[in-house]
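Here's the structure, in structure tokens; my notes come after.
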Amino acid sequence: MSIKQVLIAILNMFFRLSISCIVVLLIYRAAMYSYHFGYMVFSDAAMEISPGRDVSITVETDDEILDIGETLERRGLISDAKIFLVQAYLLEYNDKLLPGVYTLNTSMKSEEMLEIMAAMAEEGTDGESEEEETE
């Protein structure tokens, strides 16, 4: 074996080792991101401890859930709009959020905010049925 062949073999081994390390690192980073994302979806932590601060937001008629999440994130009510989007779909609030002006608090969890933004729809249907029963 000549020196040239030995050097080529060493460089080839170094190249393969480098590629393997990069692949392992990418898999590790993807696993850590996925774990963190899943943890944040299901932990549902508030941004501040009680009493927090009140923040008023406006939800327009044509706002999608991600738009609402981005507004909440900008106003300091949630940490990530994408997590809010996944929570809204998992909790089945994706088609229940109504337009309006809402006063939310930084000590609220995402689920509480979703309940408030969907409460008008539930109260409207419950209110009508209660009126019909009393009459």
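When a residue number appears, it is its place in the shown sequence, counting from 1. Scope of the values below: all heavy atoms of this structure, side chains included, with no hydrogens, waters or symmetry mates.
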Notebook entry, point to check: Looking only at heavy atoms, what is the nearest atom pair of Met113 and Leu77, with distance?
Noted result: CE-O, 3.3 Å
Check: Side chains of Asp67 and Glu64: closer than 4.5 Å at any heavy-atom pair?
Finding: yes
Check: Given the rule that I, L, V, M, F, W and Y join up when any side-chain heavy atoms are under 4.5 Å apart, are Tyr33 and Tyr35 in one cluster?
Finding: yes
Check: With hydrophobic residues grouped by side-chain heavy-atom distances under 4.5 Å, do Met47 and Phe42 end up in a single group?
Finding: no
Check: When rounded to the nearest 0.5 angstrom, what distance separates CG in Leu17 from CD1 in Ile22?
Finding: 10.0 Å
Checklist line | Distance in Å, Glu70 CD paired with Asp80 CG, rounded so as to fall on 0.5 Å steps | finding: 10.0 Å
Next item on the list: For residues Ala46 and Thr106, report the shortest heavy-atom separation together with the two atoms involved.
Entry: CB-O, 4.0 Å
Note to self: Minimum heavy-atom separation for Thr58 and Glu60, please, with both atom names.
What the structure shows: CG2-OE2, 3.3 Å
Margin query: Once rounded to the nearest 0.5 Å, what's the spacing between atom CE of Met13 and atom OG of Ser20?
Written below: 11.5 Å
Notebook entry, point to check: Between Tyr89 and Leu72, is there a shared hydrophobic cluster once you connect ILVMFWY residues whose side-chain heavy atoms come closer than 4.5 Å?
Noted result: yes
Notebook entry, point to check: Between Met40 and Ser79, which heavy-atom pair has the shortest distance, and what is it?
Noted result: CE-OG, 3.9 Å
Next item on the list: Taking the side chain as every heavy atom from C-beta outward, state whether Tyr93 and Gln87 have any pair of such atoms under 4.5 Å apart.
Entry: no
Check: Can you name the nearest heavy-atom pair linking Gly69 to Ala81, along with the distance?
Finding: C-CB, 3.4 Å
Note to self: Out of the candidates Ile8, Val6, Leu7, only one should pair with Lys4 under the side-chain contact (heavy atoms from CB on, under 4.5 Å) rule; please name it.
What the structure shows: Ile8
Check: Would one find more than 12 heavy atoms of other residues, nucleotides or ligands at under 6.0 Å from atom CD1 of Ile3?
Finding: no
Notebook entry, point to check: Considering residues, nucleotides and ligands other than Tyr39, do more than 12 of their heavy atoms fall under 6.0 Å from its OH?
Noted result: no
Next item on the list: Answer yes or no: is there a side-chain heavy-atom contact under 4.5 Å between Lys82 and Phe37?
Entry: yes
Notebook entry, point to check: Atom CE of Met108 and atom OG of Ser50: how far apart are they, to the nearest 0.5 Å?
Noted result: 10.0 Å
Next item on the list: Using atom types as modelled and distance alone, determine if a side-chain donor or acceptor of Asp63 lies under 3.5 Å from a backbone N or O of Pro99.
Entry: no
Note to self: Would a single hydrophobic cluster contain both Leu85 and Leu104, if residues Ile, Leu, Val, Met, Phe, Trp and Tyr are joined by side-chain heavy-atom contacts under 4.5 Å?
What the structure shows: yes
Notebook entry, point to check: Does a side-chain heavy-atom distance below 4.5 Å link Ile78 with Ile83?
Noted result: no
Next item on the list: Could you tell me the separation between the CD1 atom of Ile68 and the CG atom of Leu97, rounded to the nearest 0.5 Å?
Entry: 5.0 Å
Notebook entry, point to check: When rounded to the nearest 0.5 angstrom, what is the spacing between CZ in Arg75 and CD in Glu73?
Noted result: 13.5 Å
Next item on the list: Decide whether Phe84 and Leu91 are clustered together by the hydrophobic rule: side chain heavy atoms of Ile, Leu, Val, Met, Phe, Trp, Tyr closer than 4.5 Å, transitively.
Entry: yes
Note to self: Using a 6.0 Å cut-off, check whether atom CD of Glu112 has over 12 heavy atoms from anything other than its own residue.
What the structure shows: yes
Checklist line | Distance-minimising heavy-atom pair for Val55 and Arg53 | finding: CG2-NH1, 3.2 Å
